[in-house]
Amino acid sequence: MGSFSKTLQQTKTEPEIDLPAADQPAHKPPALWEDPRPDLQDDHRLWQRFLKLASNLPDEKEAFKLVGILNGIRAGGTQLVKGNNGFVVRPILDSTTGWASQEEYEYMRDKYMKPHIDSIKVLLQVLKQESWYG
């Protein structure tokens, strides 16, 4: 046996893998249609419904894509607030709980939400009709 083969054989060991303790449940991230920011209580219920509506769009590919986008926008620190004619999506401008700047939010909004604006408007309309908007 050559020296390289002998060295290789000597260094082969089973990798050590840290497994969670049997009595501790493994962390399971929430589903995309669940509000990723339950800490933002003012509109938590609205986001739960908004994301669920998005996940139930008739076109499954569109639904999956849109709910992922909305989930990311919410996770970044975005709220649903009452506007003049229904709910609107507004950034939280606070680097600890939301977006670092208006520009950062607008970049993400334009890149990800604008291609789906028609679907988002319909979902916001449904949300308005279901809520006791007043």
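Values below: all heavy atoms of this structure, side chains included; hydrogens, waters and symmetry mates excluded. Every value quoted in this text rests on a predicted model; they were computed, and no experiment measured them.
Annotation: side chain of Val67 is not in contact with side chain of Leu57 (no heavy-atom distance under 4.5 Å). Side-chain contact between Leu70 and Ile120 is present, with heavy atoms from C-beta onward closer than 4.5 Å.
Hydrophobic clustering (ILVMFWY, side-chain heavy atoms < 4.5 Å, transitive): Met113 and Ile92 are in distinct clusters. Hydrophobic clustering keeps Val88 apart from Leu40 (ILVMFWY residues linked when any side-chain heavy atoms are closer than 4.5 Å, directly or through intermediates).
The heavy-atom pair separating Ser55 from Lys52 by the smallest distance is OG-O, 2.8 Å. Residues Pro115 and Asp110 share a closest heavy-atom pair of CD-O, 3.8 Å. Nearest heavy-atom pair, Gln102 versus Pro91, reported as atom, atom and distance to 0.1 Å: OE1-CG, 3.8 Å. Contact between Ala54 and Ala63 at its shortest, heavy atoms only, is O-CB, 3.4 Å. Shown here for Gly86 and Lys128, the closest heavy-atom pair between the two residues is CA-CD, 3.8 Å.
The main-chain N or O of Trp47 is never found under 3.5 Å from a side-chain atom of Asp35 such that the two would form a donor-acceptor pair. Here the side chain of Trp99 pairs a donor or acceptor atom with the backbone of Gly77 at under 3.5 angstrom. Panel note: side chain Arg37, backbone Gln79; no donor-acceptor pair is recorded below 3.5 Å. Distance alone, capped at 3.5 Å, is enough to place a donor-acceptor pair between the Thr78 side chain and the Ile73 backbone.
Here the straight-line distance linking atom CZ of Phe87 with atom CD of Gln125 works out to 10.5 Å at 0.5 Å rounding. Between Ile69 atom CD1 and Leu51 atom CG the span is 12.0 Å, to the nearest 0.5 Å. Interatomic distance, NZ of Lys82 versus CZ of Arg90, reported as 15.0 Å (0.5 Å rounding). Remark: Phe50 CZ to Leu124 CG distance equals 4.0 Å, nearest 0.5 Å. Separation of atoms OH (Tyr107) and OH (Tyr112) is listed at 6.0 Å; rounding is to 0.5 Å.
A salt bridge between Asp43 and Arg74 is present, with a side-chain N of the basic residue lying under 4.0 Å from a carboxylate O of the acidic one.
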Check step by step if side-chain contact (heavy atoms from CB on, under 4.5 Å) holds for Glu130 and Leu53.
CA-CA 11 Å; Glu130 288 183 356; Leu53 287 169; 4.1 Å; yes
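Atom CD of Glu60 sits in a sparse spot, with 12 or fewer heavy atoms from other residues, nucleotides or ligands closer than 6.0 Å.
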